[in-house]
J.: 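The structure follows.
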Amino acid sequence: MLNVIIIMTFFLLLYLLSLKFWYAFFFTFFIDVILTISNIIKIELRAEPILPADLTMLNGTGEIFNMISPVIVVVGVVLLVIFTLTSIVLQQKLSKLYSIKIRRKKRLIGIMMMSLLFSGIFWINHQGSISNTIFKFFKVNNLFYDQKQGARMNGPIIQFLINIDITVMDEPDNYSKESIEKIMNKYNGEAFKINQSRTDWSEDQTVIFVLSESFSDPLRIPNIQFKRDPIPYIRNLIDSTTGGLMLSSGYGGGTANIEWETLTGLDMSNLSATLPTPYTQLVDRQNYSPNITNLFERKTAIHPYVANLYKRKDVFSKFGFDNFYHVDSEDKLKYTDKIGNNPYISDESGYKEVLRLVNETENKTHFIQLSTMQNHLPYEKNYYSTLDYPFEGSAINGNNREAFTTYLQGIHYTDEAVNDFIKKINEIQKPITVIWYGDHLPGLFSENNLKKYGLLHHETDYFVLNNNFGTEKLKNTTNTEIISPYNFPALALKQAGIKVTGFYALLTKVQEILPSSTTDPSSSESNTYNGEKVFVDQDNKIIRSDSLNNEQKELLSDYLTIQYDLTAGEQYSAKWAMKKIGSE
């Protein structure tokens with residue numbers, strides 16, 4: 001009923017504005033059809049409906065169309081043409097039958113009333129507001145972290161609207177300028193202690209973050225059996241260096257969210273349930289966006305694809321990247337080879353781009369982020385000339401079996417490319433630390449119960465290493481078997497054995513003392529904890545915050561307070577978090 005009321009109110013508002021019945025009718029109808037089709041496609045690809053944050057990607061429509069069937073695009077264009085022509089003909093032929101004389105005063109009053117009603121969408125999640133009360137009366141369920149179930153229960157229009165009114169974070173009870181200054185002084189002292197066993201930064205210190213698109217060890221997926229291992233080199237590397245499992249907040253998507261965590265050192269699960277995409281919903285709001293690039297003299301981002309999605313151009317500019325290499329950038333990618341018929345630039349080309357930039361940079365500290373694309377969906381059967389990794393099992397239905405075979409071949413090519421990349425990194429005569437990780441699993445395992453296997457479907461693989469020129473390789477450092485993306489900045493500096501500032505001393509303590517956290521990875525209709533922040537211990541078991549000891553609770557409070565200040569508060573600690581090593 002509420003969905004119908006919203007649609008009818010929208011139609012009536014358009015009619016009062018235009019006084020053209022058929023134009024208003026068909027425009028409303030077309031918007032509803034497009035929203036329905038878009039939701040079907042997005043739920044199939046990402047297991048979530050259309051959200052307000054997706055509107056920022058409309059300037060990347062060309063790239064979005066490349067990910068869906070051309071038939072759908074053609075049908076959409078045909079429908080638009082039919083609706084337009086039909087509305088014009090009917091308006092001309094039947095305008096007298098559907099013409100209602102409305103006095104100007106009543107028309108203006110009607111427009112104002114309906115505009116006022118629609119303004120309520122900005123208060124839907126504010127307890128006690130009129131719109132919040134109306135939505136509660138209609139039993140709307142605010143399922144922000146189970147968006148698919150929310151759309152099923154509420155309807156896609158209402159689910160879209162409840163995501164407009166967002167809160168970044170809940171304010172901590174102890175938040176004030178004085179409390180922030182106290183925390184900063186505390187971790188400046190911790191930095192001094194940590195730095196007693198760390199070395200100064202080299203003039204050409206280099207740190208590389210590699211996000212490997214959709215990479216995850218398939219042998220860990222329940223209900224699948226393999227005859228051959230597609231990733232033997234990476235598996236051995238994880239066993240022989242600092243490495244293990246990374247908790248991903250996404251399944252089948254969410255790359256930009258993982259990037260945000262790895263760059264900022266901040267935790268997605270600390271944010272409000274109403275803020276699912278920091279790149280598009282948060283970064284613009286911040287005066288300052290502290291991140292790991294602040295520590296370096298040169299900072300470079302590489303994404304061998306287009307850059308319109310998730311507002312990466314704007315975000316990386318605000319983050320302080322000097323160069324952002326993508327297919328449309330002024331600074332052209334030098335390596336763009338692909339494998340077979342795969343439309344995406346290969347991982348091997350991405351690694352060559354990194355090596356080129358490392359070798360051309362002299363006497364400068366350098367941070368490089370590479371986000372690959374080779375293993376991005378879709379996974380067509382004709383991508384590769386050979387498919388050498390057959391499998392058996394019930395986790396994947398018939399529609400996805402061929403796609404998964406292609407995916408397995410793709411991650412094998414990734415394994416070979418990583419092997420060559422690390423060999424070349426070890427030959428470079430400057431200290432280099434590499435953090436390599438998969439961002440999320442591909443969304444192909446539709447037959448596995450996500451409530452039962454939710455955690456396993458939100459764990460990818462990672463390793464951290466120094467090259468042969470750097471400091472001694474580390475293994476089995478504190479709390480590294482299972483980590484979260486926000487742990488990577490502190491872990492990179494620890495692996496390199498170099499000094500930290502007060503902010504990174506805080507992140508180091510978080511990595512060493514707190515168990516890693518994420519949003520509850522279970523996702524089902526009966527999951528009563530969906531969206532709750534949970535911790536995962538080193539035995540890969542989910543624990544709740546009341547299981548933390550006093551030291552961990554105090555540290556968590558400090559971390560939450562600083563994150564609130566940086567993301568939703570007054571940013572008293574922003575310049576502190578952006579300090580370089582040795583700066584005042």
Side-chain angles (χ1 to χ4, degrees), residues 169 171-201 205 207 260-271 286-296 320 365 367 433 477-480 483-517 533 535 545 548-584:
M169 278 182 72
E171 182 175 330
D173 293 335
N174 63 336
Y175 180 66
S176 66
K177 185 175 182 180
E178 291 73 24
S179 67
I180 293 296
E181 289 175 347
K182 184 177 178 180
I183 293 172
M184 290 191 294
N185 289 331
K186 177 180 178 179
Y187 289 98
N188 285 340
E190 291 294 337
F192 178 80
K193 296 176 185 177
I194 291 171
N195 291 340
Q196 299 305 302
S197 59
R198 300 280 185 97
T199 61
D200 292 329
W201 286 49
Q205 191 76 49
V207 173
W260 180 81
E261 289 188 276
T262 61
L263 291 171
T264 63
L266 303 179
D267 183 359
M268 276 287 300
S269 68
N270 290 339
L271 299 177
Q286 297 174 285
N287 292 325
Y288 302 98
S289 298
N291 64 89
I292 192 174
T293 70
N294 303 138
L295 300 175
F296 295 82
T365 59
F367 176 82
T433 299
T477 55
T478 309
N479 284 1
T480 56
I483 58 91
S484 293
Y486 60 81
N487 292 139
F488 283 148
L491 197 54
L493 301 180
K494 177 189 285 188
Q495 185 79 26
I498 51 181
K499 293 182 177 181
V500 297
T501 64
F503 177 66
Y504 290 92
L506 168 61
L507 298 187
T508 299
K509 289 299 179 181
V510 168
Q511 185 268 312
E512 291 179 343
I513 296 174
L514 280 178
S516 296
S517 60
K533 177 186 178 70
F535 295 90
S545 58
L548 302 178
N549 61 37
N550 289 335
E551 180 188 18
Q552 290 172 326
K553 288 178 179 178
E554 181 180 344
L555 176 57
L556 178 60
S557 176
D558 292 343
Y559 183 46
L560 285 169
T561 303
I562 290 296
Q563 179 161 338
Y564 176 83
D565 181 58
L566 294 176
T567 59
E570 300 298 324
Q571 295 204 313
Y572 301 124
S573 62
K575 292 183 179 179
W576 174 72
M578 298 172 72
K579 272 187 176 181
K580 282 185 168 64
I581 302 298
S583 64
E584 294 299 328

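Computed over heavy atoms, backbone and side chain alike; hydrogens, waters and symmetry mates excluded.
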J.: Roughly how far, to the nearest 0.5 Å, is CG of Leu548 from CG of Leu514?
T.: 6.5 Å
J.: Taking side chain as C-beta onward, heavy atoms only, is Leu566 less than 4.5 Å from Pro290?
T.: yes
J.: Does any part of the side chain of Leu560, heavy atoms only, come nearer than 4.5 Å to the side chain of Met169, both counted from C-beta?
T.: yes
J.: Answer yes or no: does atom CG of Asp173 have more than 12 heavy-atom neighbours from other residues, nucleotides or ligands under 6.0 Å?
T.: no
J.: Quick check: closest heavy atoms across Tyr175 and Gln571, and the distance to 0.1 Å?
T.: OH-N, 4.2 Å
J.: Shortest non-hydrogen contact from Lys499 to Asp200?
T.: NZ-OD1, 2.9 Å
J.: What pair of heavy atoms forms the shortest contact from Tyr504 to Ala577, and how long is it?
T.: CE1-O, 4.1 Å
J.: Do you know the tightest heavy-atom contact between Ser176 and Tyr572?
T.: C-CE1, 4.2 Å
J.: Please report the closest heavy-atom contact between Ala191 and Val500, naming both atoms and the distance.
T.: CB-O, 3.9 Å
J.: Any idea which heavy atoms bring Ile194 and Arg198 closest together, and the distance?
T.: O-CG, 3.3 Å
J.: Is the number of heavy atoms from other residues, nucleotides or ligands within 6.0 Å of NZ (Lys575) greater than 12?
T.: no
J.: Do Thr508 and Leu493 come close enough that some side-chain heavy atom pair is under 4.5 Å?
T.: no
J.: For the residue pair Tyr559 and Tyr486, categorise the inter-ring angle as parallel (less than 30°), tilted (30 to 60°) or perpendicular (more than 60°).
T.: tilted
J.: Just to verify, which of Leu295, Asn294, Thr293 counts as forming a side chain to side chain contact (heavy atoms under 4.5 Å, CB included) with Met578?
T.: Asn294
J.: Which residues pass the side-chain contact (heavy atoms from CB on, under 4.5 Å) test with Asn185, sequence neighbours left out?
T.: Asn188
J.: Using modelled atom types and a 3.5 Å cut-off, is there a donor and acceptor pairing between side-chain atoms of Thr199 and backbone atoms of Gly497?
T.: yes
J.: Taking C-beta and beyond as the side chain, do Phe503 and Ile562 meet within less than 4.5 Å on heavy atoms?
T.: yes
J.: How are the rings of Phe367 and Phe296 set relative to one another: parallel (under 30°), tilted (30 to 60°) or perpendicular (over 60°)?
T.: tilted
J.: Excluding sequence neighbours, so at least two apart, what forms salt bridge (charged side-chain N to carboxylate O under 4.0 Å, His left out) with Asp565?
T.: none
J.: I'd like to know if the side chain of Asp267 pairs up with that of Ser517 as donor and acceptor (distance under 3.5 Å, no hydrogens or angles considered).
T.: yes
J.: Among all residues two or more places apart in sequence or in another chain, which pass the salt bridge (charged side-chain N to carboxylate O under 4.0 Å, His left out) test with Lys186?
T.: Glu554, Asp558
J.: Can you find a heavy atom in the side chain of Leu506 that is under 4.5 Å from one in the side chain of Met184?
T.: no
J.: Answer whether the closest heavy-atom distance between the side chains of Met268 and Trp260 falls below 4.5 Å.
T.: yes
J.: Flag the pair Lys533 / Asn270 as yes when at least one side-chain heavy-atom distance between them is below 4.5 Å, and no otherwise.
T.: yes
